[in-house]
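This report refers to the structure that appears directly beneath it.
The shown structure was predicted, so the numbers you read here are calculated from the model rather than taken from an experiment. Numbering starts at 1 and runs along the sequence shown.
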Amino acid sequence: MSASTTPSSRPAVTEREAREVAEAAREQHWRKPSFAKELFLGRFRLDLIHPHPLPADEAAQRGEEFLAKLRDFVETKVDAALIEREARIPDEVIDGLKELGAFGMKIDTKYGGLGLTQVYYNKALSLVGSASPAIGVLLSAHQSIGVPQPLKLFGTQEQKERFLPRCARTDISAFLLTEPDVGSDPARLATTAVPDGDDYVLDGVKLWTTNGVVADLLVVMARVPRSEGHKGGITAFVVETNSPGVTVENRNAFMGLRGIENGVTRFHQVRVPAAHRIGEEGQGLKIALTTLNTGRLSLPASCVAAGKWCLKIAREWSAAREQWGKPIAHHEAVGSKISFIAATTFALEAVTDLASQMADEDRNDIRIEGALAKLYASEMAWLMADELVQIRGGRGFETAESLRARGERGVPAEQVLRDLRINRIFEGSTEIMHLLIAREAVDAHLSVAGDLIDPEKSLGDKAKAGANAGAFYAKWLPKLVAGPGRLPTSYGEFRHGVDLSGHLRYVERTARKLARSTFYAMSRWQGRMESKQGFLGRIVDIGAELFAMSAACVRAELLRSQGDHGREAYQLADIFCRQSRIRIEELFNRLWTNTDDLDRKVVKGVLSGTYEWLERGIVDPSGEGPWIADATPGPSQTENVHRPIR
């Protein structure tokens, strides 16, 4: 056993303890309505998203003025090919973004920021990300999950006054949670913060610290041991990167996003004032999850930008390239791909703008909507980029630099594919997002019936839970039988040339079907439900499609009412909904017809070596070394590659 996995350096955590840590970190109550939560319960609350919410005039004007300045900057100052070639954003570009105020987009004006809404912040990230995804990551990691957002939500007034002006104009921030052997299982977090007088002493190693190489300020998650006067638990701290004992040990390189400043950061006996603790001891994971409720929306913004670019290139290329006497766009095999890209781009923008505006209004709980937006956008954007590479053929696989060298337009299709791939992992992998959303989606069921399937609950607790569950389901189940989705006249305000009302009726009917399927599965598997990750993932994917259909229809009606390409918006919403419905029906079929049980048997065979013979006939080009790097606490043995930009 390596030192990094010994009990002395990493907590030994059971599966139940890990779940309890995650459960304690999530928001336990629903104080505001949630469109997506209602959708998973079989209730189509169109009134929560229609009419589509809009930003205030003053906020829109301020946002548009900044977008104009940002567009001029990225068009004249950003050389995307240079960033890709040298794998680094030039310092002068970062300095220019600071002067423009781009590092303070989400920070209140009273602290020197621009005070943009979530809607315009995301539009800005889409714009700058289309020029260079690495710059989009730099800005979003700084203020979506870095120091500004946790302080905005949980910081003291003194902390805000101390750090936010710096973040708005001069300092770059990063968020440090992941460790070499800890990803989506924070219960095993090994970095410690030991109280010592008016300070905490940090020790540990953090991995994949986006912005960490150039950051001035860090949000660090560390475990405070329980002691007299200290509640303990995972806790958040603001740490100055130039503090003694902080070492950036490596600048990591990746398949895509070649300009990001992502590293490995070691803390050895780093003293952090107690005044720099964010929130209370033990609140660290709650702070992280709450921050991500809106922080995740930066990823859909980048996906929208990618979709728009894919559509532009697909349109221009497929009109210019001829095959068998006509442009390739007119061949059905290519045309269907273009239709998919156009329809999906429209839907992703609808989902992102709707979720962002709901976040700005703050009258809805968007924890599920934000997670669905991240999940759906990251998966669909990857598919769109893959289709663009296919449309471009051999040129899609060729680098932009190679294309330019032989006299053709340098279209970085393969780069976009590489850059987008990480979005299915960033800020919660698709698999983790499925589980996170599923947990929230079944919250109402667990609230009334959870004790029934908990093996550690007493018979008395189970009896009480049974009575509560009986009362809940006696009222809830009959409502899943019929609804407005069965009435041909429902949602008639969505008929304008193209009829979208049928799609909304489908959403209403399918939401009820989805809720019935979830109830049936809970009845069938009870306590084993949590292990049915394939089933839960499909349930969530159906909900994501229904959310996207709803958002697309509501956005189309908004654009029509504003006289902004309304007819075309209705056409795009219609084709997207038709494509989505096909995917939904396939997912429903796979709820009960799948290879999940057989897959588990094969996996056991693979791990036991039963199929090892299948691996013969190859050589493994992997280098030597451990699967997981040693993260034993202690002083750094490497050069500090921290590179503050001043």
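- Within 6.0 Å of atom CZ in F397, 12 or fewer heavy atoms from other residues, nucleotides or ligands are found, so the atom counts as exposed in its surroundings.
- Side-chain polar atoms of D541 and H434 form a donor-acceptor pair below 3.5 angstrom.
- Side-chain atoms of E369 come within 3.5 Å of backbone atoms of A36 as a donor-acceptor pair (strictly under, hydrogens ignored).
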(Q) Would E440 and K37 count as a salt bridge (Lys or Arg N to Asp or Glu O under 4.0 Å) here? Give the steps. (A) CA-CA 7 Å; E440 299 293 356; K37 176 177 178 286; over 6 Å; no

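- Heavy atoms of other residues, nucleotides or ligands lying less than 6.0 angstrom from NE2 of H565 number 12 at most.
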Q. L587 and L591: side-chain contact (heavy atoms from CB on, under 4.5 Å), yes or no, with the steps?
A. CA-CA 6 Å; L587 286 165; L591 285 180; over 6 Å; no

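- Separation of the F494 and H50 ring centroids falls under the 6.0 Å cut-off.
- Side-chain atoms of Q118 and Q357 form no donor-acceptor pair, as typed in the model, at a separation below 3.5 Å.
- One distance of note links CG of D353 with CG of N122; it measures 8.0 Å at 0.5 Å rounding.
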Q.
Set out, in order, the CA-CA distance, both residues' side-chain angles and the distance that settles salt bridge (Lys or Arg N to Asp or Glu O under 4.0 Å) for E316 and K312, then state yes or no.
A. CA-CA 6 Å; E316 294 176 351; K312 179 180 186 295; 2.9 Å; yes

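- A donor-acceptor pair under 3.5 Å links the side-chain atoms of S173 to the main chain of V147, judged by distance alone.
- Cation-pi geometry between R395 and W317 is not met at under 6.0 angstrom from the ring centre and within 45 degrees of the axis.
- Listed for the R495 side chain is no donor-acceptor partner under 3.5 Å among the backbone atoms of L500.
- Using a distance-only test at 3.5 Å, with no hydrogens or angles considered, a donor-acceptor pair links the side chain of R505 to the main chain of S490.
- W382 and N423 are not linked by any side-chain donor-acceptor pair at a separation below 3.5 angstrom, with hydrogens and angles left out of the test.
- With ring centers used as reference points, F175 lies 6.0 Å or more from W208.
- Although no hydrogens or angles enter the test, the distance criterion places a donor-acceptor pair under 3.5 Å between the side chain of D79 and the main chain of A81.
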Q. Checking side-chain contact (heavy atoms from CB on, under 4.5 Å) for the pair F346/L559: CA distance, chi angles, key distance, verdict?
A. CA-CA 12 Å; F346 177 82; L559 295 180; 4.1 Å; yes

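- Of the possible donor and acceptor atoms, one in the side chain of S126 sits under 3.5 Å from a partner among the backbone N and O of A301.
- The main-chain N or O of I107 is never found under 3.5 Å from a side-chain atom of K152 such that the two would form a donor-acceptor pair.
- Looking at S580, its side chain never comes within 3.5 Å of a backbone N or O of F576 through a donor-acceptor pair.
- Judged purely by atom type and a 3.5 angstrom limit, S144 uses its side chain to pair as donor or acceptor with the backbone of S140.
- Partner of F66 under the side-chain contact (heavy atoms from CB on, under 4.5 Å) criterion, out of K123, M105, Q61, R71: M105 alone.
- Of the residues R590, R538, Q533, the one that meets the side chain to side chain donor-acceptor pair (under 3.5 Å) test with D596 is R538.
- Here the side chains of V554 and L558 are not in contact, with every heavy-atom distance at 4.5 Å or above.
- Taken from CD1 in I432 to CD1 in I437, the straight-line distance is 11.5 Å, to the nearest 0.5 Å.
- Note on R560 versus E557: salt bridge recorded, some NZ/NE/NH1/NH2 to OD/OE distance being below 4.0 Å.
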Q. Yes or no on salt bridge (Lys or Arg N to Asp or Glu O under 4.0 Å) for R581 and E545, after CA distance, side-chain angles and deciding distance?
A. CA-CA 8 Å; R581 289 169 71 161; E545 293 282 3; over 6 Å; no

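- For the residue pair Q143 and Y121, no side-chain donor N or O sits within less than 3.5 Å of a side-chain acceptor on the partner.
- A salt bridge is defined here as a Lys NZ or Arg NE, NH1 or NH2 lying under 4.0 Å from an Asp or Glu carboxylate O, and E427 with K374 fails to meet this definition.
- For E361, the CD atom is densely surrounded, since the number of other residues' heavy atoms within 6.0 Å is greater than 12.
- Nearest heavy-atom pair, M433 versus A371, reported as atom, atom and distance to 0.1 Å: CE-CB, 3.4 Å.
- A distance-only check finds a donor-acceptor pair linking the side chain of H142 to the backbone of C167 [under 3.5 Å].
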Q: Assess whether side-chain contact (heavy atoms from CB on, under 4.5 Å) is satisfied between I145 and T210, documenting all intermediate values.
A: CA-CA 10 Å; I145 57 176; T210 301; over 6 Å; no

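- Residue-environment remark: CZ (R583) exceeds the threshold of 12 foreign heavy atoms within 6.0 Å.
- In this pair, F44 and F35 present their aromatic rings perpendicular. The plane angle is above 60°, beyond the 30 to 60° band.
- Residue D386 holds its CG atom at 9.5 Å from CD1 of I341, rounded to the nearest 0.5 Å.
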**Q.** Pair R392-E387, salt bridge (Lys or Arg N to Asp or Glu O under 4.0 Å): steps then yes or no
**A.** CA-CA 9 Å; R392 287 276 290 162; E387 293 288 41; over 6 Å; no

Q | Intermediate values then yes/no, side-chain contact (heavy atoms from CB on, under 4.5 Å), L436 and L375 | A | CA-CA 11 Å; L436 184 152; L375 167 70; over 6 Å; no

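- A salt bridge does not link E530 to R439: none of the charged side-chain nitrogens sits closer than 4.0 Å to a carboxylate oxygen.
- One finds the CG atom of N364 at 11.0 Å from the CH2 atom of W30 (value rounded to the nearest 0.5 Å).
- For the residue pair G136 and V128, the shortest heavy atom distance occurs at CA-CG1, 4.0 Å.
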